[in-house]
Structures are given as structure tokens and as C-alpha cells.
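Quick caveat, the model's predicted, so the values are computed rather than measured. When a residue number appears, it is its place in the shown sequence, counting from 1.
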Amino acid sequence: MATTLLPKTVYPILTNRPSIPSAHFTTKPPFFSPLDLSPCTKRPSVQTNAKKKNPWLDPFDDGEDPNMEYGSLFTDGKQEEDPRPPDNPDNPYGFLKFPMGFAVELASLPLKIRGDVRRCCCVISGGVYENLLFFPAIQLIKDRYPGVQVDVLASERGKQTYELNKNVRWANAYDPDDEWPEPAEYTDMVGLLKSRYYDMVLSTKLAGLGHAAFLFMTTARDRVSYIYPNVNAAGAGLLLSETFTADSMNLSEGGYNMYHQMVDWLGRPFRSVPRHSVGPLRVSISRKLKKVVAEKYRTAGAEKGKYIVIHGIESDSKASMQSRGDTDSLLPIQVWAEIAKDIRGFKPLLVIPHEKERENVEEVVGDDASIVFITTPGQLAALINDSAGVIATNTAAIQLAGAREKPSIGLFCSKQKGKLFVPNPEEKKCAIVSSKTGKLRDVEVEAVKQAMQIFDMSFALV
């Protein structure tokens with residue numbers, strides 16, 4: 001008895017064998033989808049020039065089969081938000097302890113066919129500045145995958161940034177840049193990430209074989225990371241599903257758009273889902289935070305809406321919130337004193353990152369100077385939110401001013417740095433003042449004085 005052979009497309013998940021050419025059939029049999037068991041005449045919508053997948057995984061894999069045909073279930077559109085009810089806090093057992101979005105019968109279908117992401121973990125390298133610039137990418141993930149739960153792994157300083165982000169569920173303190181982590185801490189974090197059943201893990205740390213192994217052990221379906229632009233990346237692609245070669249050894253040198261490769265990949269179009277564009281940087285501030293900061297600046301003698309925040313005083317404190325891509329981004333207090341004298345109509349409020357700087361500031365500026373001690377990005381954002389504007393060097397303050405739509409003056413060591421870290425300054429109400437010598441301490445105070453007109457214009461519009 002002759003046996004009829006069926007093409008590969010009948011079993012798109014169960015086999016990887018090559019398709020049998022249609023010439024082998026005298027009459028092409030109707031296609032029945034294994035998902036809905038109904039005849040399917042839909043033509044494939046996959047482009048034939050699809051991007052080649054990671055060559056480390058399979059050198060003979062040219063991407064998705066252009067002749068692949070799917071049924072109607074879990075094939076198109078975005079994922080739906082999770083209908084599972086929340087755990088009952090009054091019941092010690094709760095509901096069934098399957099991971100959210102995980103149904104035993106159907107989990108593999110939407111995850112395999114449509115690429116749904118129910119849980120995502122972002123491993124962010126760097127401090128406050130780098131984590132702050134990743135906020136638009138997190139918003140993009142939430143828009144692209146409705147109902148996704150986003151967790152973050154960052155350094156202790158970077159974790160503080162996420163009190164400004166309502167899209168993040170959990171933020172864990174773990175420094176991915178530590179080259180020699182404690183074995184107990186390392187294995188504990190691997191176990192923690194593995195037990196959360198992530199569908200996708202993103203990493204902005206430049207990965208070699210070691211960091212790629214860390215991501216691989218999370219057992220996430222999609223393991224996406226930047227890799228070194230040199231020989232240090234050898235072997236990392238074997239353990240990652242998607243890689244981006246960094247433009248340089250220091251990713252932060254890319255400025256405001258330092259994550260452009262990852263953002264472009266996250267927003268890529270998929271069948272009927274169009275390309276998602278990344279939005280502007282936005283932060284949310286809690287009422288409790290506003291109340292605490294209001295008490296601080298009132299104690300310093302300032303009133304809401306009648307002071308200018310000055311940030312970027314030279315200090316060796318980690319609370320200065322500098323970018324790793326611009327090390328020359330702090331000014332001596334003597335230069336700030338000259339700038340503060342030229343402020344008219346508003347009270348200059350100097351932000352110090354450590355209490356040891358208070359005595360130096362009072363000695364140079366005067367005992368009547370308004371000084372506030374701020375160490376966290378949340379408090380700095382609340383302080384800027386109640387201000388009339390900001391004068392800052394290339395610290396997190398200049399980005400927070402744009403996020404809260406406050407007029408600002410940014411002091412940079414060069415025009416190139418200004419363009420990288422504050423693109424489209426007119427839209428962000430930011431005036432860029434750059435040094436002509438390439439050193440920030442040589443910035444012209446007279447140029448800063450002329451740029452202060454931006455505060456008068458904004459005040460008049462209000």
C-alpha cells in the first residue's frame with residue numbers, strides 16, 4: 001500500500017527536515033493546520049530576504065522558511081494581556097503556582113509561533129545615567145508586548161533609578177560589571193533568574209563567553225546581548241540567540257542613543273504588527289518623594305518654582321551621577337560661584353552629592369548660599385520638577401530636566417559631546433554651552449550668562 005508523503009509545513013514545530021519539492025506530488029494535497037485542523041489557503045507572509053539568524057547557532061540556517069504556512073491560531077498580531085487572576089492574599093495556597101501566562105497545554109504554541117514575551121529581564125550595565133537612558137527601551141517593550149512583566153538587574157546605584165519607572169516590576173541589585181563576583185552571590189542570582197521563567201533576557205553589558213554563559217543559564221528562550229567588538233567576543237554567540245556588536249569598548253560613548261541597536265531590534269515589524277518607534281525619556285515621581293524633597297528645599301530657603309537647580313559640582317562621590325561616556329563632566333565650585341552670581345530673578349540652589357562638600361561651597365559662595373544634599377536620582381527628579389530650570393554639566397540632571405520638560409542649560413567639554421548626549425536640544429528646551437578648548441573647566445561664564453535668557457522666556461510663557 002502506497003504511503004502519501006506530506007510536506008514539512010504540516011508539522012512546523014515537530015520537524016526540521018527539508019521540505020519535499022511540490023514537483024513530487026501529482027496533485028497538491030490540501031493543507032490542514034495542526035493548530036486548528038481547518039483547511040488553510042493563506043499564502044506565506046514571510047519575506048524571502050529575511051535576516052540570517054545567528055551563524056554561531058547553525059551555519060546552514062538562513063532564517064524562517066519562506067514556504068512555511070500557519071493556521072489561524074497564535075500566528076498574527078500582538079499578544080493579549082494575561083487573563084489569569086492575581087493571587088489571593090487571604091489564601092495561603094493562592095491559585096495554582098504556575099508562572100503567570102503559562103498554561104500547560106498552550107504555552108509552547110504562542111511562544112514558538114508568535115514569539116510572545118510574558119516575562120522579560122533587563123541586565124543593565126553602568127550607573128544612574130546608563131539606567132536612566134534605558135527607560136525608553138523599557139517603554140518600548142511594554143508597548144510591543146502587552147501585559148509583559150519587566151524586571152531589572154542593575155548595580156546598587158543603578159537600581160535607585162527605578163523608583164522613577166512604573167513599568168518595572170522588580171529591580172534587583174547585582175553588579176553585572178563585577179569581573180570577580182562572589183561565587184555564592186553568582187550562583188544565587190543564576191538560580192533566582194532561572195526560577196522566574198523568563199521568556200527574554202536583554203543585556204547591555206558587553207558579553208564575552210563568561211557573561212554569555214550567565215545569560216544562558218537563565219534558560220530564557222531569547223537571550224539578547226551586546227558583545228565585544230574584538231576577539232573577546234569569541235564564543236559568546238554560541239550561547240546567545242541575538243547579538244549586537246558594540247561600536248566601541250565603551251557603550252556609553254554613544255550618548256543619548258547608546259542603545260540604538262537593541263531598540264531597533266525590539267521595535268522590528270512582525271507580520272501585521274508595524275515597526276514600533278521609541279518614545280522620549282519620561283519619568284514618574286511619587287507623591288511621597290515630592291513631599292520629602294519639598295521639605296529639603298524649603299529648609300534651604302527656596303520656594304517652589306522660584307529657584308534654579310545647579311548640578312555638577314566637582315566631587316569624588318559616586319552620587320555625582322556622571323556618564324561613563326563623558327568623564328570630564330564636573331566643574332570646580334569656583335566656576336559655579338561665578339555662574340550663580342549672574343542668575344537674576346531666581347534663587348540658585350546648589351546640589352551637593354556629599355555632606356563633606358558643604359563647607360567648601362559655603363566658603364566660596366558664601367554662608368547665605370542655598371545648598372541641598374541630594375544623592376538619589378528620585379530626589380533629584382523631584383527637585384527639578386518643582387524648579388524653574390536647571391543649569392548642569394553632563395550628569396543625570398540634564399536628562400531629568402528634559403524628561404520633566406524643564407528649561408535647562410547644559411555645559412559640555414565639546415560640541416560633539418553636546419550633540420551626542422542632548423540631540424534636538426530645541427525640542428527639550430535645552431541651551432548647549434560647550435568649551436572651546438575641549439576642557440570643561442574652560443567653559444565661558446559669559447556664554448552661560450547669555451544662555452540664561454531661556455529661563456526668562458519659559459517664565460513668560462507660563
Q | Flag, side chain of D199 to backbone of R118, donor-acceptor distance under 3.5 Å | A | yes
(Q) Could you tell me if the side chain of L289 sits less than 4.5 Å from the side chain of Q379, heavy atoms only? (A) yes
Q) How close do L383 and I374 get, heavy atom to heavy atom, and via which atoms? A) CD2-CG1, 4.2 Å
Q: State, without any angle test, whether H354 and S315 hold a side-chain donor-acceptor pair at a distance under 3.5 Å.
A: no
Q. Does any N or O in the side chain of Q160 come within less than 3.5 Å of the main-chain N or O of G378, such that one atom is a donor and the other an acceptor?
A. no
Q. Do K306 side-chain atoms and A388 backbone N/O form a donor-acceptor pair below 3.5 Å?
A. no
(Q) I need the R282 CZ to N167 CG distance, nearest 0.5 Å. (A) 13.5 Å
Q: Mind listing the closest non-hydrogen atom pair of I313 and L330 along with its distance?
A: O-CD2, 3.9 Å
(Q) With a 4.5 Å cut-off on side-chain heavy atoms, are E163 and T376 touching? (A) yes
Q) Hey, is CD on E185 packed in by over 12 heavy atoms from elsewhere, all under 6.0 Å? A) yes
Q. Please walk me through it: do Y259 and V278 pass side-chain contact (heavy atoms from CB on, under 4.5 Å)?
A. CA-CA 11 Å; Y259 304 118; V278 63; over 6 Å; no
Q. Counting distance only, does the side-chain N/O of R404 pair as donor-acceptor with the main-chain N or O of V283 below 3.5 Å?
A. yes
Q.
Tell me which one of S408, P280, P423 satisfies side chain to side chain contact (heavy atoms under 4.5 Å, CB included) with K428.
A. P423
Q. Within a strict 4.5 Å, meaning less than it, do heavy atoms of the I343 and I391 side chains meet?
A. yes
Q. What do the steps show when you test D264 against R275 for salt bridge (Lys or Arg N to Asp or Glu O under 4.0 Å), and what is the final call?
A. CA-CA 9 Å; D264 184 69; R275 172 171 289 280; 3.2 Å; yes
Q. Can you tell me how far CG of N165 sits from OG of S284, rounded to the nearest 0.5 angstrom?
A. 6.5 Å
Q: Answer yes or no: are there more than 12 heavy-atom neighbours, outside K290 itself, under 6.0 Å from its atom NZ?
A: yes
Q. Heavy-atom distance under 4.5 Å between the side chains of C122 and I141, does that happen here?
A. yes
Q.
Taking D143's backbone N and O only, do any of them form a donor-acceptor pair with K78's side chain (distance below 3.5 Å, no angle check)?
A. yes
Q | Ionic contact status for E253 with K417, cut-off 4.0 Å | A | no
Q) Does some side-chain heavy atom of P377 sit less than 4.5 Å from a side-chain heavy atom of M321? A) yes
Q: Report the distance from atom CD1 of I352 to atom OG1 of T375, rounding to the nearest 0.5 Å.
A: 10.5 Å
List the atom pairs, donor and acceptor, that lie under 3.5 Å between side-chain atoms in residues 124-138 and the rest of the protein, sequence neighbours left out.
from : atom 1 : to   : atom 2 : distance (Å)
S125 : OG     : D177 : OD1    : 2.6
S125 : OG     : D177 : OD2    : 3.0
Y129 : OH     : N394 : OD1    : 2.7
Y129 : OH     : Q399 : NE2    : 2.9
E130 : OE1    : G127 : N      : 3.0
E130 : OE2    : S252 : OG     : 3.0
E130 : OE2    : R324 : N      : 2.9
N131 : OD1    : Y162 : OH     : 2.8
N131 : ND2    : G127 : O      : 2.7

Q) What are the two closest non-hydrogen atoms of M249 and N230, and how far apart are they? A) SD-ND2, 3.3 Å
Q. For the side chain of W336 and the backbone of V365, is there at least one donor-acceptor N/O pair under 3.5 Å apart?
A. no
Q. Can you tell me if CZ on R287 sees more than 12 non-hydrogen neighbours from other groups inside 6.0 Å?
A. no
Q | Test side-chain contact (heavy atoms from CB on, under 4.5 Å) applied to V273 and R144, step by step | A | CA-CA 9 Å; V273 180; R144 177 61 183 82; 4.1 Å; yes
Q | Shortest non-hydrogen contact from G410 toward I398 | A | CA-CD1, 3.6 Å
Q: Could you please spell out the steps behind the side-chain contact (heavy atoms from CB on, under 4.5 Å) verdict for L266 and H276?
A: CA-CA 8 Å; L266 288 170; H276 281 59; over 6 Å; no
Q | Student check: side-chain heavy atoms of D386 and V293 closer than 4.5 Å | A | no
**Q.** Close side-chain approach of F421 and S323, heavy atoms under 4.5 Å
**A.** yes
Q | Spatial distance of atom CE (M217) from atom OG1 (T187) [nearest 0.5 Å] | A | 9.0 Å
(Q) Tell me which pairs pass salt bridge (Lys or Arg N to Asp or Glu O under 4.0 Å) where either residue lies in residues 346-361, with sequence neighbours left out. (A) D316-K356, E355-R358
**Q.** K205/D175 salt bridge by N-O under 4.0 Å criterion
**A.** no
Q | Test ring-ring contact (aromatic ring centres under 6.0 Å, His included) applied to Y174 - qualifying residues, sequence neighbours left out | A | F214
Q) At what distance, to the nearest 0.5 angstrom, does CG of L238 lie from CG of L209? A) 8.0 Å
(Q) Using every non-hydrogen atom in the two residues, find where R114 and G77 come nearest and quote the distance to one decimal. (A) CD-O, 3.2 Å
Q: Locate the shortest heavy-atom distance separating V201 from Y198; write the atom from each residue and the value.
A: CG2-CB, 4.2 Å
Q) Under 3.5 Å, is there a donor-acceptor pair between the side chain of R223 and the main chain of L239? A) yes
Q: Taking atom NZ of K142 as the centre, report whether more than 12 heavy atoms of other residues, nucleotides or ligands fall under 6.0 Å from it.
A: yes
Q) Counting N and O atoms only, with roles assigned by atom type, does the side chain of Q79 sit under 3.5 Å from a partner on the main chain of P146, one being a donor and the other an acceptor? A) yes
**Q.** Donor-acceptor contact below 3.5 Å, side chain D328 vs main chain L440
**A.** yes
Q: Anything under 30° is parallel, anything over 60° is perpendicular, the rest tilted; go ahead and classify F346 against F455.
A: perpendicular
Q: Apply the test side-chain hydrogen bond (donor to acceptor under 3.5 Å, both in side chains) to residues S225 and H211: give CA-CA distance (whole Å), side-chain angles for both, the deciding distance (0.1 Å), then the verdict.
A: CA-CA 9 Å; S225 178; H211 186 59; 4.6 Å; no
Q | Note, P229 side chain near T245 side chain (heavy atom, < 4.5 Å) | A | yes
Q: Show your reasoning for whether side-chain contact (heavy atoms from CB on, under 4.5 Å) applies to K159 and V152.
A: CA-CA 8 Å; K159 178 188 173 182; V152 166; over 6 Å; no
(Q) So does W265 get a backbone contact from the side chain of R268, meaning a donor-acceptor N/O pair under 3.5 Å? (A) yes
Q: Rounded to the nearest 0.5 Å, what's the gap from CG on L153 to CH2 on W170? Could you check?
A: 13.0 Å
Q: Indicate yes or no: does R169 engage D151 in a salt bridge with an N to O separation below 4.0 Å.
A: yes
